[in-house]
There are 2 protein chains.
Amino acid sequence: MKIDPTVLKSLPLFDRMSDRDLNAMLEHAVSRRVMPGDAVFEQGAPAKSFFLLLHGRLKVTQVTPDGQQIIVRMVHPGDLFGFAMALQRADYPGTAIAAAESLTLAWPTEMWSRFVEQNPRLAVTAMQTIGQRLEEAHTRIREMSTEEVERRVAHAVLRLSRQAGKQVDTGIRIDFPISRQDIAEMTGTTLHTVSRILSAWEARGIVEGGRQKLTICDPQKLLNLADRARS
Amino acid sequence: MKIDPTVLKSLPLFDRMSDRDLNAMLEHAVSRRVMPGDAVFEQGAPAKSFFLLLHGRLKVTQVTPDGQQIIVRMVHPGDLFGFAMALQRADYPGTAIAAAESLTLAWPTEMWSRFVEQNPRLAVTAMQTIGQRLEEAHTRIREMSTEEVERRVAHAVLRLSRQAGKQVDTGIRIDFPISRQDIAEMTGTTLHTVSRILSAWEARGIVEGGRQKLTICDPQKLLNLADRARS
DNA sequence: CGTATTCTTGACTTATATCAATGTCGGTGG
DNA sequence: CCACCGACATTGATATAAGTCAAGAATACG
């Protein structure tokens, strides 16, 4: 595998790791390019590997028994994903699909406990990562319990702009293709409602929409919507 | 501290630990009795300790900036709780309140990393614990996104009966005082709606209510409500 | 007992889903 | 290069689940 170790070194997850350990890890890694719409792994499949996203953007989805889909989270460059073994289960709880062309690094599941036991520091860092994810999940539960749809969408869009925002001339552009349906699945609503909300915002000059595109023109107004109730 | 090590030994979290390590941990532990309504720690307070619940029942709550409360999770005997340090934060993200008289064991936060580094096995187990919690959170998000209130309440009640159910003559009784308001805060709805739902179920012989009481008489019917949509 | 929670129930309102068209974009192939 | 197709988006009309408002009743507790 020809992966530049300095790329990994820049990630908080690995920055405390020695060069020797890092190279040992890379020895076992397999990289793979994933095209938009392709799955890295599927819900329910045996968890043969765990992954690191080097470049691109993934969405992790789950489908309910009756066929409804939700987006569990977005995976951004530098994120570990698909470590089902940490959850003590043999299969992946969700499906990881590329939203944009992506580059992943994969390790065999068996290596996880070896790496962790050899390198307790990695264990601590990994735990903090899951902890953060748990906190994000609680935030989402809190929002879904207490906020009406418009505020939830405002929060979701603001998060996206922080995690995947790219400065362009008219504002901050979400840097990967995202549909109304996607936003609906992230906030627990329908694409119709999202469409109406974004249309209203566009009329007020807060955002600029488009087919699988979204640009935030006035982050301040969006923050107001998200924080104070009923504007 | 006079705590019987065999009690801890029976918990999955500690069963692989040597007697020596276990005793070393207990050396630093402080036990405390908590009366119903009392808080073990408060949201936003500095995370001085992490805890283990030996006996009783706690609810972990969060309040939103505008004063609405939600129940993040219930803590059952044997559960670790309040380990904010794993989330890499210095304060508690929620408040832990005793629902019934409880007995907790507390360690100073600083000890966590020491224990973990001395005992990698503990790290792995702890990570699995957080992982399970993450999965529970995702389940809740999925339910809140796709299910109507009655099914969510059904799922919540079934979970309670699994985690805190006690066989009594008329069915399975939730073994701690729980109000309609509590169930509402666990499912993202209002106490009115919960009350109506429980009344309807009582009329159908599925449950038996009461002030801060709840008994499941017909788990099968409840499962039907939870699984199949619109009965 | 009386006082304070907790619970129930009815009437009304509203946010949001659902149903149903129609419009628009962007890529593919003729 | 244009035309067409499929995916995505918009928007109106209507339905409805669940929230809000408002009393009252039941239960526990001091």
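Chain A is the first sequence line, chain B the second, and so forth, proteins listed ahead of strands; every chain is numbered from 1. Computed over heavy atoms, backbone and side chain alike; hydrogens, waters and symmetry mates excluded.
Distances were taken from every side-chain heavy atom of B/Gln212 (C-beta onward) to each of C/dT6, D/dA18, D/dA9; the shortest belongs to C/dT6. Checked against C/dT16, D/dA9, C/dG26, the side chain of A/Ser195 finds its nearest nucleotide in D/dA9. You'll find that the side chain of A/Val149 is closest to C/dT16, out of D/dA17, C/dT16, C/dC7.
Salt bridge annotation for A/Glu136-A/Arg73: absent, with no cationic side-chain nitrogen under 4.0 angstrom from a carboxylate oxygen. With respect to the salt-bridge test (charged N to carboxylate O, under 4.0 angstrom), the residues B/Arg180 and B/Asp182 do not qualify.
Rounded to an integer number of Å, the gap from CD1 of A/Ile197 to P of D/dT11 is 13 Å. Atom CD of B/Glu148 and atom C1' of C/dA17 are 12 Å apart (whole Å). Rounded to a whole Å, the CD atom of A/Glu150 is 17 Å from the P atom of C/dT14. Regarding A/Glu185, its CD atom lies at a distance of 13 Å from the P atom of C/dA17, rounded to whole Å. In this structure, the CD atom of B/Glu147 is 11 Å from the P atom of D/dA18, given to the nearest Å. Protein atom CG of B/Leu191 is 11 Å distant from nucleotide atom P of D/dT20, rounded to whole Å. Following rounding to the nearest Å, A/Ile178 (CD1) and D/dA9 (C1') show an atom-to-atom distance of 15 Å. Between the C1' atom of D/dT10 and the CH2 atom of A/Trp201 lies a distance of 17 Å, rounded to the nearest Å.
Ring centroids of B/Phe51 and B/Phe41 are separated by less than 6.0 Å, placing the two rings close together. In this structure, A/Phe81 has its ring center at least 6.0 angstrom away from the ring center of A/Phe50.
In this structure, B/Ser199 reaches the C/dT9 phosphate: one of its side-chain N or O atoms is under 4.0 Å from OP1 or OP2. The side chain of A/Thr189 places an N or O atom within less than 4.0 Å of a non-bridging phosphate oxygen (OP1 or OP2) of C/dA17. Dashed line: the shortest gap from a side-chain N or O of B/Thr190 to OP1 or OP2 of D/dG19 is under 4.0 Å. For A/Lys213, no side-chain nitrogen or oxygen approaches OP1 or OP2 of C/dT24 to under 4.0 Å.
A donor and an acceptor atom sit less than 3.5 Å apart, one in the side chain of B/His192 and one in the base of C/dT9. A donor N or O paired with an acceptor N or O is found under 3.5 Å between the base of D/dT20 and the side-chain atoms of B/Arg196. Taking 3.5 Å as the limit, the base of D/dA7 and the side chain of A/Arg211 contain a donor-acceptor pair of atoms between them.
For the 3.5 Å distance criterion, the side chains of B/Gln128 and B/Gln132 fail to qualify, holding no donor opposite an acceptor.
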